[in-house]
Structures are given as C-alpha cells and as structure tokens.
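All ligand and atom numbering here is 1-based and tracks the order in the structure. Quick caveat, the model's predicted, so the values are computed rather than measured.
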Amino acid sequence: MEVVICKTKEEASRKAADMIAALVKKNPKCVLGLATGSTPVPMYSALAKDVKAKKISFKQVKSWNLDEYYGLPGTHDQSYRYFMNANLFDKIDIKKANTHVLNGLAKDWKKECKAYEAQIKKAGGIDLQVLGIGSDGHIAFNEPGSSLASRTRLVSLTDQTIKDNARFFKKAADVPKFALSMGVGTICEAKKVILLAFGKNKSDAVKAAVEGGVSQFCTASALQMHQDAWFFCDEEAASKLKLKKYYAWRAEGELSRQ
Ligand code: GLP
C-alpha cells in the first residue's frame with residue numbers, strides 16, 4: 001500500500017488523475033471501476049480538463065461503478081447514475097453504453113448483482129478501481145462487519161452512513177436504507193486501486209485503514225493485502241498516521257517509477 005500525502009485535495013486529485021490518464025493513454029480500452037461521493041469530484045474535473053485539452057480520450061474505455069442506492073431510479077438526482085452522468089460521463093467522451101451502474105430498481109437484486117459481476121469478468125476484470133472512504137472506514141457500501149470476501153449484493157446502511165449522506169438529501173429520512181454494492185472481495189480483484197481521502201473527518205478512517213489491523217470493522221483495511229493500492233490524501237486526512245513522513249518519502253520514489 002502506498003500513501004501519497006499532498007498539501008491540498010486539488011494537488012492529490014491531480015496526481016490521482018495523472019495515474020488514471022497514464023493508464024488510459026497506455027491502454028485506451030482499459031476497464032475502470034468508478035466511485036461517487038464528494039471526494040472524487042475534483043479528480044473527475046481534472047480528467048475532464050485532460051479530455052477537453054485532447055490529452056486523453058475515453059472513447060474505448062469501459063466503466064463499472066461501485067454501488068447504487070436501492071430504491072432510487074437512475075433519474076433521481078441523488079442516484080449514483082445521475083451523479084456519474086453529471087460529474088464525469090457528460091463531461092468526457094466516454095460512450096454512455098460503455099458505462100455501467102447497478103440498477104437501484106432491480107426487483108431481483110440477486111440476479112442484478114450476479115449479472116454485474118459476470119459483466120466485469122467478461123470485460124477482463126477491472127484495471128483500475130477508484131475509491132473514496134466513509135468516515136467509518138467503509139469502501140463502496142461495505143459497512144463495518146462486511147465480510148472481506150464479500151461480493152456484489154444488497155447491503156443495509158449504518159446510521160453513521162445515513163447521517164453522513166443526509167447532507168445530499170432534503171432530510172435524513174429521505175436517505176435510502178439499502179444499497180447494491182460491489183463487495184470487498186470484488187474490489188480487491190481490481191489490478192490497481194486508488195483511494196482518495198480528504199479532510200479531518202476522514203483521518204480516523206485513514207489511520208485505521210493504513211495502520212490498523214486488517215479487519216471487517218474497517219473494510220478499507222483489506223487494501224493492505226492488495227499488491228497495487230494507492231491512498232491519495234490531503235494533510236488533514238493523513239494527520240493521524242504514525243509513519244506519514246516515511247510514506248511521503250517512499251511514495252515519491254514509487255510515483256516516479258510508475
Ligand atoms: C458513500 C459511498 C462511498 C463514498 C462515501 C464517502 O458511502 N458509497 O463510495 O466513499 O460515501 O463519500 P464522500 O466522498 O462524500 O465523503
């Protein structure tokens with residue numbers, strides 16, 4: 001696991017975007033795993049700038065998103081499909097047909113989740129997975145207590161997550177209580193993983209994920225077992241890390257070798 005610590009979230013987002021841009025240049029047909037939340041927004045803006053400047057093209061890229069609220073249609077302004085269209089897909093040259101988000105209205109959620117995993121496998125697996133992190137250390141919607149071997153499934157959200165995400169809805173009662181989410185096992189199969197974490201509110205989660213034990217109580221900690229996982233943090237999110245100076249120095253070398 002490499003930890004890149006930057007002064008600002010803009011700087012961290014640019015560095016993470018550069019890693020994605022390098023992959024897209026090297027392999028224009030790559031498969032991306034994408035994330036929602038406020039955290040990846042500046043990174044998506046940086047990628048949109050690259051497309052506008054004709055530095056990269058997503059014309060042949062395929063994407064699968066991590067998760068979707070269960071019960072929300074993709075047209076709902078808080079659905080993750082809506083978010084992805086507004087914050088990335090409508091701003092780059094990706095073909096909409098090549099973008100995949102779980103169907104939050106699927107009646108047979110087991111069938112939906114199984115088919116989603118099969119689609120990813122058929123596409124050759126995810127080359128690079130983008131992640132944010134919940135304040136309790138969750139990735140996608142793998143809440144504390146999720147098996148580290150979990151696959152795409154229906155999950156129940158914790159009170160903490162509902163509280164954290166209530167800021168996007170009119171009132172807390174409007175936040176869906178369930179979601180469809182890739183599992184920790186699904187995520188860890190990606191060839192490369194980029195996790196972004198910004199702000200003080202994420203410092204405990206980052207500490208537990210990077211320096212705590214590998215545990216289902218902080219599902220991001222499973223990334224300690226991944227061979228190519230990168231955390232891009234601002235100084236606030238990294239503030240509780242014991243070895244932050246060492247990580248910063250080591251990551252500099254690793255980044256230059258990428
Ligand atoms: C939700 C999403 C996660 C995201 C998290 C943090 O729970 N399912 O993928 O990482 O929110 O969101 P934010 O980046 O807004 O803090």
Heavy-atom nearest neighbour in the protein, as seen from [atom], with distance rounded to 0.1 Å:
atom: atom 4 (C) of ligand 1; value: Thr36 O, 4.1 Å
atom: atom 16 (O) of ligand 1; value: Lys202 NZ, 2.6 Å
atom: atom 12 (O) of ligand 1; value: Gly37 CA, 3.9 Å
atom: atom 8 (N) of ligand 1; value: Asp67 OD2, 2.8 Å

Closer than 4.0 Å to some heavy atom of [X] - which atoms of ligand 1 meet that?
X: Phe141; answer: 1 (C), 7 (O), 8 (N)
X: Thr39; answer: 13 (P), 14 (O), 16 (O)
X: Gly132; answer: 10 (O)

Does ligand 1 come near enough to [X] that some N or O of the ligand is less than 3.5 Å from an N or O of the residue?
X: Ile133; answer: yes
X: His138; answer: yes
X: Thr161; answer: no

Are [X] and ligand 1 in contact, using a heavy-atom cut-off of under 4.0 Å?
X: Arg167; value: yes
X: Leu157; value: no
X: Ala140; value: yes
X: Tyr80; value: yes

- Got a salt bridge between Lys7 and Glu11, using NZ or NE/NH1/NH2 to carboxylate O under 4.0 Å?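 The answer is no: the pair does not qualify as a salt bridge.
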
- Could you tell me whether Glu117 and Arg151 have a side-chain N and a carboxylate O separated by less than 4.0 Å? yes

- Taking His138 for the side chain and Phe217 for the main chain, is one N or O donor matched with an acceptor at less than 3.5 Å?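 Side chain of His138 to backbone of Phe217: no pair is present.
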
Without hydrogens or angle criteria, can the side chains of [X] and [Y] be said to hold a donor-acceptor pair below 3.5 Å?
X: Ser146; Y: Gln216; result: no
X: Ser57; Y: Asp93; result: yes
X: Arg81; Y: Thr99; result: yes
X: Ser135; Y: Asp164; result: yes

- Item | Reference residue Ser79; test side chain to side chain contact (heavy atoms under 4.5 Å, CB included); the match among Val101, Leu72, Thr36 |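 The single option meeting the side chain to side chain contact (heavy atoms under 4.5 Å, CB included) with Ser79 is Leu72.
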
- Task: Output the distance between atom CD (Glu68) and atom OH (Tyr116), rounded to the nearest 0.5 Å.
- Result: 9.0 Å

- Message: Please confirm whether the ring centroid of Tyr69 lies under 6.0 Å from the ring centroid of Phe169.
- Response: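 Yes, close enough.
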
- When you look for heavy atoms under 4.0 Å from ligand 1, do you find them on the side chain of Ser38, its backbone, both, or neither?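 Both backbone and side chain.
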
- Side chain or backbone of Asn165 under 4.0 Å from ligand 1, or both, or neither, by non-hydrogen atoms?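 Within the 4.0 Å criterion, Asn165 contacts ligand 1 through side-chain atoms alone.
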
